[in-house]
Amino acid sequence: MKIKRRDFLKMSAATGLAVAAFKGTTLNALAEAPKGTIGGEKAGKWMASTCQGCTTWCPIEIFVQEGRATKVRGNQLSKANDGYCCVRGHLIIQQIYDPDRIKTPMKRTNPVKARGVDPKFVPITWDEALNTLADKIMELRTNNESHKYMLMRGRYSYNNDILYGNLTKVIGSPNNISHSAICAEVEKMGSFYTEGFWGYRDYDLENMKYLIVWGCDPLSSNRQIPTAISKFGNLLDQGTVVAIDPRMTNTAAKAHKWLPVKPGEDGALATAMAHVILTSGLWNKDFCGDFKDGKNLFKAGQTVDEAAFDEKRTHGLVKWWNIELKDRTPEWAAKITGLNKKDIVEVATGFAKAAPRCAVWNGPNMMPRGTYGAMAMYALNGLVGATDSIGGVCTGMGGPSSSHPKVDDFLDDIAKAGSKNKKIDQRGTLEFPALSEGKVGGGVVTNNVANAILAAKPYDIKVAIGYFCNFNFSGAEGGRWDKALAKIPFFAHITTMASEMSQFADIVLPSAMHHSEQWAPVKSKANLHGHTSLQQPVIKRMFEVKAPETEFVWMLAEKLKARGFENPMNWLLSYKDPETGKPATSAEEFALVATKVFTQKAWDPAMNKDYKGDRPTGWADFAEKGIVNSEKFTFGKKWEKGFEKTATKKFEFYSETLKKTLTEHAEKQKVTIDQALEAINYTARGEQAFVPHYEPVRRHGEVKDFPFTLVDMKSRLNREGRSGNLPWYLAFKQCDPGDVNNEDVLQINPADAKKLGVKEGDMIKVTSTVGSLKVRARLWEGIQPGTVAKCFGQGHWAYGRVAAKDYAKAIPRGANFNEIMPDDYDRLVGAACRNGGFTGLKIEKA
Amino acid sequence: MNTDRARLDLARSDVYRLLAACFYEPDREMLLEENLCANLAGLMEELSIPAARSCRRMEQGLQENSREELLVEYSSLFLNPFGAPAQPYGSVYLDKERQLMGDSTMQVRKIYAAAGVKQETDGPPDHIAIELEFMSFLGQRIAQAIACSDQEAVAEFTAIQACFFNTYLASWAPLLGRAIQEHAELPLYRALGDCLLGFIGAEQQRLRKSADSPLHEPR
Ligand code: SF4
C-alpha cells in the first residue's frame, strides 16, 4: 500500500481554518460517494466454480454477497457430486480470507537462503518482479543456457499447458517438472500394465454388491469423496464393504470387515486372494475363459499346462498361475500379512461370488517396488470380470474440451536447441526407468529433482519458477529440497501463502485462489460421469493476485517482448476469443480467452450439437452453469472390443505390455532385464518381472533398531498440504479417526505404548534412518501393534501464524513426517514413497 | 460559529490523517519533506494529548534509519506472509475466526457508505490506515458543519464518529498498538505504536461520553 498523493500529508490548518474547512477533504484510500444506507444483508448469489482441494476436482458453487464469499456447496447441476461438496470444500472460505495470504509481490532483502533465516521480504510492484524475471530468462537465452530454466508445477488446471507446457518450450527448456510423482503414480501402474489404462478409475457404487477399499479412504480423501459418501449407506445395506488398511480409516470404521494388513504386504494378500479365487473355481469364465474340459486344474503347488486352458478376454492367466500364484496360498499370505487365513479366504470368495458386481478400489501404493502390488490388486478386478462391468469398476468418462493452440510456430533456434537437452530429473536412466504409460522415461521423477540439482547432474538449474507447489514440505526427506532450492541462483514462487518453498524464493508472487479468483477450465470424473467445469473469479480480489497459468504468463510475455523476445507474446496472441475472433488485450482478458478457447467444444453450439451430455447454448450459459456433464458411462465396450492400449489387446495377467517396455529400457541401458531390475531394487527375476507378484517390503531400518513401522495417512480436512493455517482444520481435526482437535499426534497402539511407558498425550521422540522428530502420542486401538500412524498436513515451520509455532525459530506446529521418510522410490515409475511400511521407526519418550 | 471547536475538530482530523499515512509503505523522503512527525507532534500538543513525545521519537527514527531498513520493518510487522505480528486489519481482532473480510469488515464498509465515502483502493476496508482516514474525514465534515452552523450535520457526523470509533476502531487499534510496541525493532515503529496507543486512548476519553448512543445505524 502506497500513499497516492502528497496532499494527504499536508496539514489542513496550515491553509487557515476557514479555507481548510471549506476546501473539501483530503482523502487517499477513500473517495466521496453518494450516501448509502446501512440496511441489512444485501442479496447474494450462488456462483459456479470448481474446487481443487483434492483430486476429485468438484464442480462447486460459492455464495457471494457484495463480492464476499460466505458459503460453499456442490454445483447443483453436477452429476459427479449430486450438488454436495465434501467437508474440505467448506474450508475454501478460510483459505480465501486467511490474513497471512501473500498480498503483493515481494522480494527478499536477506541473501541468506536457509530454514530459520527470515528472507526479509519487502513489497515490490509486479512490474519490478517481472522485469527481474524477464532479465534472468533473457540472460539464460543469451548464454545458450535456456535449458537451465525450470518450471515446477504442483496442482494445476487445464490451462497449465500455457505456463507448464508451452512457455517452457518457447523459452527453450525441457524442464517442466510436475508434482505427479509425489502424488499417486504407482496406482496407475496397476491398471496400466494389466488393462492399459493410465488414470484413475471410476466405480459403479449404485449397483455394486461387494467393495474392497484397499489402501485408501474414499470417504475422506481418495478420490471422489462426495459421491462415495452419498452412495456408501446404500452399499452397506445392499452389499458388503471390506476395508484393507493397516489403520482404521473412515471407511474401515463403517465397513463390514476391516483387514488390518501389515504395511506394504498388500501384494501378498492380493496374490493369495487370486490363488483362492482360482483354486475354488470362482474366476469369471466369460471374461477369462475356462479349462477346455471344464475341470479346474488350479491346485496349490501344481503347475498347469497352458494348452489345457481356453482363454477369452485375458492374456496369460495360466502363466500367472505357474509363475506366481500356485504357491501363494492363504496360509503363506497369513504369515506375511498378519491376517488370518479364514479372513483371506472369506473375502476372496465373497468378492468373487459377488462378481462382476464388485470392485477393488485401490489406493496410491506409493512404496518402493509398489508397481507389482498395484498390479496384483488391480488384476483381481480382471480375474472376476469386474472391470468394465455394471456394478464394477471402469475407466469412467471424460469431459468435452478443445485444445490449446500449438506452440510449434513460435519456437526459435535457441528454444529448439534448449528443449533437446535431457530433463533434469534423470528419468529414463538405469536408476530411474520411469515407465509411465508404457514409455521409457515417460514420467517425471519429481522428488529426485532435488538430488539432481544438488549433484548438478545432468547440469545445474539457474532460474526456476514454482507454482501451487511446496516440494520441501510435501516430498519425502524434504531437507534435500531446502538445500537444492537454496542452490538455485534465482527462484520465483507463485503462491497464495508463504510456504516452506517460498522461504527460498528470491521473489514471491501472489497467486489467485484457484476456486474463486481466476478463470480456468477443469476436467474430471466421478459417479460414472465426466465433466468439464469452470473456475471463475466469483469474488472481488482483495489483493494484487494473478492467475499463474495465464495472467502471469501474459505479463511476463510483455516484458520479454520489451526485451526483443517476441515469440511468447506472439504465441499468446494466437489465442483468439471464439466469440469475437479477437486476441486478448490484457492479462485478465487472456485468462478468459484461453479458458474459452480450451472449453469451446463444451459450450459452442456449433461444436456440441451432437454431444450426448449437457449442451450449453453458448459461453454465457456455460459460465452461468459452470459445468457440462457427460452422458453416463456405458459398460461392456472393452468386453466387446478389447483393451486397445495393451500389447495383446486383452486384459493381461502376463503383461506383454510391461515386457515390451522393460525390454526397451534394458536394451537402451545395455543390460539384461534382470540386471535392470536389480539396479532398481526389485527382487523379481526372469518371468516374474512380467506378472503381478509379491515383492517383499523394502524397509529402511532393521526391525531390531527401528521396531515400529510408519503408516502415513491423509486427513479428510487436508486441502492437500494447504490446510495448515486454517483454524477450522485444527478445530475439527478429530474427524480423522484417532486424531485429536488442535493437536498433531502419532497414533500408537495402547499395548505398544504401555511397553514403552508412554501415556496419552506424552511427547515422544520418533527416529527413522534419516532423522528424528518430536510429536505427541495418541493411544489408539485403530492402529495395529508394531505400526504407528501419522497424518500428513501439519508440521509446517512456515505457512502462516497458525500453521507454524514459531516461524522465526523454524519451530513447526506438529511434525511433518515427510522429513523423516527416506528418499526412496518405486523406480519403475519414478514415484517417491510414503506408503507401504518402508520407514522403520524407533520411539522413545521425549 | 464555534471556531474553537471547529479548530480542534480539524486538528484531530489532521492527526487521524497523518497517523493513517504512517501505516502505508514508508516513503521516507516524502515523510521527511512534509515534516510529518513534527506536524503530528505539534497537533498532539495543541490537542493536549500526551503523545507528542512519541511523535518526536518517530521523527528521530525516520532520520536514523534508511528507506530500506524502514521498509523491511514495515513489511515484517504488517505484511509478513509468514505471520505478520501486527495485523493491520480490524476483523483479525474483532471476528471470532480472526480472518479477513469478517462480518465486522462488512459493517465497516456499510458505515463508510452511510457517511458518504467509498473505498478506492484494493483490500479489506478495515485496514488501520483506512479506518483512521475515515475518522479524519468525519472530523473534517464536523468542522465544516460547525463552520456552516449546520447543527443537524454536526450531530449526524459526531454520532457516526462516536459509533464508528467505539464499536470498531477503538476496539482493536490498542491491540494493534501493543503488538507494534512488542514487535517493532526500529525507533520509528516502536514510537508509532506508542503514538497510536496514546492518541486512541485520549480519543476514548473524549468519545466515551457519546458511547452510549446505539449507533450501529447512523441516520
Ligand atoms: S476437497 Fe475434493 S472432494 Fe472436497 S469439494 Fe473439493 S474437490 Fe470435492
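Atoms considered below: every heavy atom in the structure, side chains included; atoms not considered: hydrogens, waters and symmetry mates. For clarity, every value in this text was computed on a predicted model and none was experimentally measured. Lettering of chains follows the sequences in order, A, B, ..., and the numbering in each one begins at 1.
Looking only at heavy-atom pairs under 4.5 Å with chain A, the residue among S76(B), G83(B), G116(B) that has the most is G116(B). Ranking A69(A), P510(A), P123(A) against chain B, the residue ahead of the rest is P123(A), based on heavy-atom pairs under 4.5 Å.
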With side-chain contact (heavy atoms from CB on, under 4.5 Å) as the test, would you mind laying out the steps for M101(B) and I539(A) before giving the verdict? CA-CA 12 Å; M101(B) 297 298 282; I539(A) 61 162; over 6 Å; no
Intermediate values then yes/no, side-chain contact (heavy atoms from CB on, under 4.5 Å), E97(B) and W728(A): CA-CA 9 Å; E97(B) 307 292 354; W728(A) 285 339; 3.1 Å; yes
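Using a cut-off of 4.0 Å between Lys/Arg side-chain N and Asp/Glu carboxylate O, E156(B) and K35(A) are scored as salt-bridged. A salt bridge does not link R98(B) to D98(A): none of the charged nitrogens lies less than 4.0 Å from a carboxylate oxygen. Using a cut-off of 4.0 Å between Lys/Arg side-chain N and Asp/Glu carboxylate O, E32(A) and R141(B) are scored as salt-bridged.
The shortest distance between side-chain heavy atoms of R68(A) and D103(B) falls below 4.5 Å. Side-chain atoms of L30(A) and F134(B), non-hydrogen and from C-beta on, do get closer than 4.5 Å to each other.
Checked by atom type and distance alone, the side chain of R17(B) pairs as donor or acceptor with a backbone atom of F8(A) at under 3.5 Å. Without hydrogens or angle criteria, D14(B) side chain to S12(A) main chain gives a donor-acceptor distance under 3.5 Å.
Ring planes of Y807(A) and F82(B): parallel class, angle under 30° (limits at 30 and 60°).
Of the two parts of D27(B), neither the backbone nor the side chain holds a non-hydrogen atom closer than 4.5 Å to a non-hydrogen atom of chain A. If you measure heavy-atom distances from A31(A) to chain B, the contacts under 4.5 Å come from both the backbone and the side chain.
Sorted by first and then second residue, the ring pair (Phe, Tyr, Trp, His ring centres under 6.0 Å) pairs with a member in residues 18-44 of chain B read F23(B)-F78(B); sequence neighbours excluded.
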